[in-house]
Amino acid sequence: MGLRVYNTLTRRVEEFAPLEAGHVRMYVCGPNLYGPSHVGHALSYLVFDVIRRYLEYRGYRVTHIQNFTDIEDRIIETARAQGTTIEALAGRYADRFLREMNALNIRRADHYPRATEAIPQMLDIIRALLARGFAYAVDGDVFFRVTAFPAYGRLSGRSLDEMQAGSRVEVDPRKEHPMDFVLWKAAKPGEPSWDSPWGRGRPGWHIECSAMSLAHLGNHLDIHGGGQDVVFPHHENEIAQSEAYTGAPPFVRFWVHNGLLRLTEGPEKMTRHLGNIVTIEEALGRYHPDAIRVFVLSSHYRSPATWSDASLEAATRGAERLRIAAEHAEAVLRSAAAGKGETRRASGLAPAADAARAAFEGAMDEDFNAPRALAAVFDLATALNKAADSVTQSPETAPATAELEAGSRMLRGLAGVLGLTLTASMSPAQQAALRRLAEDLVREQPGLFDPAHPLVDRLRAGGAGNAVSGEELVAFIADGRMRARQRKDWATGDAIRSRLDSLGILLEDTPTGFTWRLR
RNA sequence: GGCGACGUAGCCAAGUGGCAAGGCAGGGGUCUGCAAAACCCCCAUCCGGCGGUUCGAAUCCGCCCGUCGCCUCCA
């Protein structure tokens with residue numbers, strides 16, 4: 001059974017196969033660089049990141065192109081309002097965008113072409129469209145003639161007649177048809193502009209994506225993605241321009257659109273225009289990237305989702321559960337107990353891991369059903385926890401070491417296809433606070449620590465600096481705490497645990513010692 | 001007004017006509033000095049409402065109620 005993908009163009013789930021065997025050409029609408037991106041954008045990029053990761057998991061080579069819109073009305077307005085240039089403004093937000101993509105563990109596209117670097121290709125397309133009667137020039141503006149393109153409206157499922165009836169904006173009287181759209185805009189005084197056969201001007205709103213996708217991916221893309229809100233007019237216009245230009249339909253074989261995100265407060269979709277946004281920066285300040293991802297993957301990519309603290313907190317707990325399962329199994333593997341598992345009979349973990357992989361692939365094959373795939377990962381986490389527990393608690397059903405290892409690898413592997421890191425890292429602030437705590441403890445309760453430990457003197461002198469890792473510090477402190485607990489000095493032990501907890505470090509006692517993790 | 005989605009447990013949410021995944025929260029238990037985590041058990045005779053088709057419907061059809069998207073820049 002192969003991969004099936006919903007195609008907006010046909011409104012059906014279809015068998016997926018790229019035009020060129022083994023190679024998927026994918027273009028995803030990127031950011032307009034006039035301001036910060038919000039979590040609605042993040043949702044879209046996360047969705048296509050997972051699609052890309054799964055395609056690669058299935059063995060496809062993926063060429064992933066994402067555009068940067070760096071010339072557009074609001075960029076001009078914003079740059080003017082801030083007293084800067086469009087280059088500086090767009091550059092600043094492009095850098096920020098890439099940093100945020102990294103933080104969200106979204107893999108880099110192969111290339112991020114910028115609109116202003118594709119002006120020559122745009123001019124080529126516009127010239128060709130004029131020559132073939134698909135466009136007309138008026139006073140330095142160039143319009144696309146929708147009546148010359150019979151398939152216009154097919155993607156969004158509307159006819160030109162319907163669209164005229166519903167038209168709510170005043171129509172430029174120079175247009176032949178109300179739905180004709182601008183390919184090239186004559187320059188206004190003080191605006192950035194480029195030379196063209198029709199005078200100085202700048203590109204219209206839709207031409208950049210046609211120019212850049214055709215330039216980087218050729219005349220036929222396998223997948224073109226974006227939010228459902230850009231189906232019309234943006235993608236409809238892209239089809240018209242591109243196919244009229246190449247004369248070789250289809251421009252795109254699979255149109256893939258994600259559902260939109262809204263905020264709990266006020267039911268409308270999140271959009272920079274309405275101002276009801278949570279920026280990616282704010283989201284990352286509050287939630288772990290894995291939590292944001294679990295939230296996004298918890299509902300199907302074509303359904304609308306609602307951003308709420310309750311949902312994000314639930315996702316945080318879910319992401320933690322997966323991370324703990326992986327870390328727990330790995331801790332057991334590192335401990336002495338696992339070594340004895342070599343010859344034990346099969347525990348049921350291996351079949352559970354196989355079942356999880358099969359369920360995962362079955363789900364993702366069916367139009368990237370990530371919620372179901374995620375459910376398979378959760379089931380595997382449960383099986384893995386059970387197996388890891390049995391190593392110390394009921395050895396008669398414990399898995400062999402190799403089996404436990406394969407199980408935890410499978411968990412990380414499948415989670416990784418969804419882009420989950422299953423890691424938590426200590427922030428520099430946490431690390432500094434941890435060092436202060438260690439210094440305080442060495443001074444307050446020297447008896448807790450082994451005087452021979454190399455850290456003791458350095459901490460007492462306050463000179464441990466940054467050379468000591470957070471992991472070493474936690475191990476050092478936890479070791480001191482263990483000494484107190486061995487003396488049944490529960491009060492001291494609990495106090496240290498609670499001080500670590502307030503730094504976001506959770507100590508957990510186990511029959512064989514302790515484990516710790518970041519909250 | 002036109003076109004298109006969606007309404008499933010306290011919350012989020014999957015569900016391809018054949019006895020309702022998963023996560024969070026909650027209750028009980030095991031483990032434990034305590035805590036945490038983990039594990040086990042429980043938690044929708046029911047899928048917005050009313051009809052219809054069918055041996056059988058959350059899944060198909062009709063009507064109604066409600067919510068949202070697009071029709072304008074928008075992931």
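A note on names: the letters A, B, ... follow the listed sequences, proteins ahead of strands, and every chain is numbered from 1.
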Student: Under the 3.5 Å rule, do the base of rG33(B) and the side chain of Asp494(A) count as making a donor-acceptor pair?
Tutor: yes

Student: Please give, in whole Å, the distance from rC74(B) P to Ile75(A) CD1?
Tutor: 11 Å

Student: Rounded to the Å, how far apart are Asp290(A) CG and rC24(B) P?
Tutor: 15 Å

Student: Please give the distance between the P atoms of rA38(B) and rA25(B) as a whole number of Å.
Tutor: 9 Å

Student: Determine whether a donor-acceptor pair (one donor, one acceptor, N or O, separation below 3.5 Å) exists between the side chain of Arg497(A) and the base of rA35(B).
Tutor: yes

Student: Just compare rC73(B), rA38(B), rC40(B) and give me whichever is closest to any side-chain atom of Asn385(A).
Tutor: rA38(B)

Student: Report the distance from atom CZ of Arg317(A) to atom C1' of rC11(B), rounded to the nearest whole Å.
Tutor: 15 Å

Student: So what does Asp379(A) touch, heavy atoms closer than 4.0 Å: a base, only the sugar-phosphate, or nothing?
Tutor: sugar-phosphate

Student: Look only at the side chain of Asn67(A) and the backbone of Gly30(A), and say whether a donor-acceptor pair between them is shorter than 3.5 Å.
Tutor: yes

Student: How would you label the contact of Leu260(A) with the nucleic acid (heavy atoms, under 4.0 Å): base, sugar-phosphate, or nothing?
Tutor: base

Student: Considering every strand and a 4.0 Å limit on heavy-atom distances, what is the contact class for His257(A): base, sugar-phosphate, or nothing?
Tutor: nothing

Student: If only side-chain N and O atoms count, and only distance matters, is there a donor-acceptor pair under 3.5 Å linking Thr421(A) with Asn105(A)?
Tutor: no

Student: Establish, for the pair Arg12(A) and Tyr6(A), whether the NZ or CZ atom is under 6.0 angstrom from the six-membered ring centre and no further than 45 degrees off its axis.
Tutor: no

Student: Would you indicate whether Arg483(A), at its atom CZ, is surrounded by more than 12 heavy atoms from other residues, nucleotides or ligands within a distance under 6.0 Å?
Tutor: yes

Student: Answer with base, sugar-phosphate or nothing: what part of the nucleic acid does Val230(A) contact at a heavy-atom distance below 4.0 Å?
Tutor: sugar-phosphate

Student: Base, sugar-phosphate, or nothing for Thr515(A), non-hydrogen atoms under 4.0 angstrom?
Tutor: nothing

Student: Classify the nucleic acid contact of Asn369(A) as base, sugar-phosphate or nothing, counting any heavy atom under 4.0 Å across all strands shown.
Tutor: sugar-phosphate

Student: Would you mind classifying the nucleic acid contact of Gln228(A) as base, sugar-phosphate or nothing, using non-hydrogen atoms under 4.0 angstrom?
Tutor: nothing

Student: For the pair made of CG in Leu261(A) and P in rC70(B), what is the distance, rounded to whole Å?
Tutor: 13 Å

Student: Closest to the Asp389(A) side chain: rC39(B), rC73(B), rC24(B)?
Tutor: rC39(B)

Student: What's the closest nucleotide to the Leu43(A) side chain, out of rC24(B), rG15(B), rA75(B)?
Tutor: rA75(B)

Student: Mind calculating the distance between CZ (Phe295(A)) and P (rA14(B)) to the nearest angstrom?
Tutor: 12 Å

Student: With the criterion set at under 5.5 Å between ring centres and under 30 degrees between planes, would rG23(B) be stacked on Phe378(A)?
Tutor: no

Student: Using a strict cut-off of less than 4.0 Å between a Lys/Arg side-chain nitrogen and an Asp/Glu carboxylate oxygen, indicate whether Glu14(A) and Arg4(A) qualify as a salt bridge.
Tutor: no

Student: State plainly whether the residues Glu236(A) and Arg158(A) are in salt-bridge range, i.e. N to O under 4.0 Å.
Tutor: no

Student: Is Ser156(A) near enough to rG69(B) that one of its side-chain N or O atoms lies under 4.0 angstrom from OP1 or OP2?
Tutor: no

Student: With sugar-phosphate meaning primed atoms plus P, OP1 and OP2, does Gly40(A) contact a base, only sugar-phosphate, or nothing at under 4.0 Å between heavy atoms?
Tutor: base

Student: By nearest atom, which of the nucleotides rA21(B), rC73(B), rC68(B) is closest to the Pro233(A) side chain?
Tutor: rC73(B)

Student: Quickly work out the Trp205(A) CH2 to rC73(B) P distance and round it to whole Å.
Tutor: 6 Å

Student: Indicate whether OP1 or OP2 belonging to rC74(B) is found under 4.0 Å from a side-chain N or O atom of Arg74(A).
Tutor: no

Student: Report the base-pairing partner of rU67(B) (Watson-Crick or G-U wobble, both distances below 3.5 angstrom), or none.
Tutor: rA5(B)

Student: For atom P, what is the distance between rC46(B) and rG51(B), given to the nearest Å?
Tutor: 15 Å

Student: For rC40(B), does either OP1 or OP2 sit under 4.0 Å from a side-chain N or O belonging to Lys386(A)?
Tutor: yes

Student: Just how far, in rounded Å, is C1' of rC34(B) from CG of Asp509(A)?
Tutor: 9 Å

Student: Using only heavy-atom distances, determine whether the side chains of His257(A) and Thr8(A) contain a donor-acceptor pair under 3.5 Å.
Tutor: yes

Student: To the nearest Å, how far apart are Arg487(A) CZ and rG33(B) P?
Tutor: 18 Å

Student: Has the side chain of Asn32(A) got a donor or acceptor that lies under 3.5 Å from a partner of the other kind on the base of rC74(B)?
Tutor: no

Student: Tell me which nucleotide among rC74(B), rG4(B), rC39(B) gets nearest to the side chain of Asp229(A).
Tutor: rC74(B)

Student: Name the closest nucleotide to the Arg485(A) side chain, picking from rG69(B), rA21(B), rG33(B).
Tutor: rG33(B)

Student: Which nucleotide wins on minimum distance to the side chain of Ser299(A), given the candidates rA38(B), rA14(B), rG69(B)?
Tutor: rA14(B)

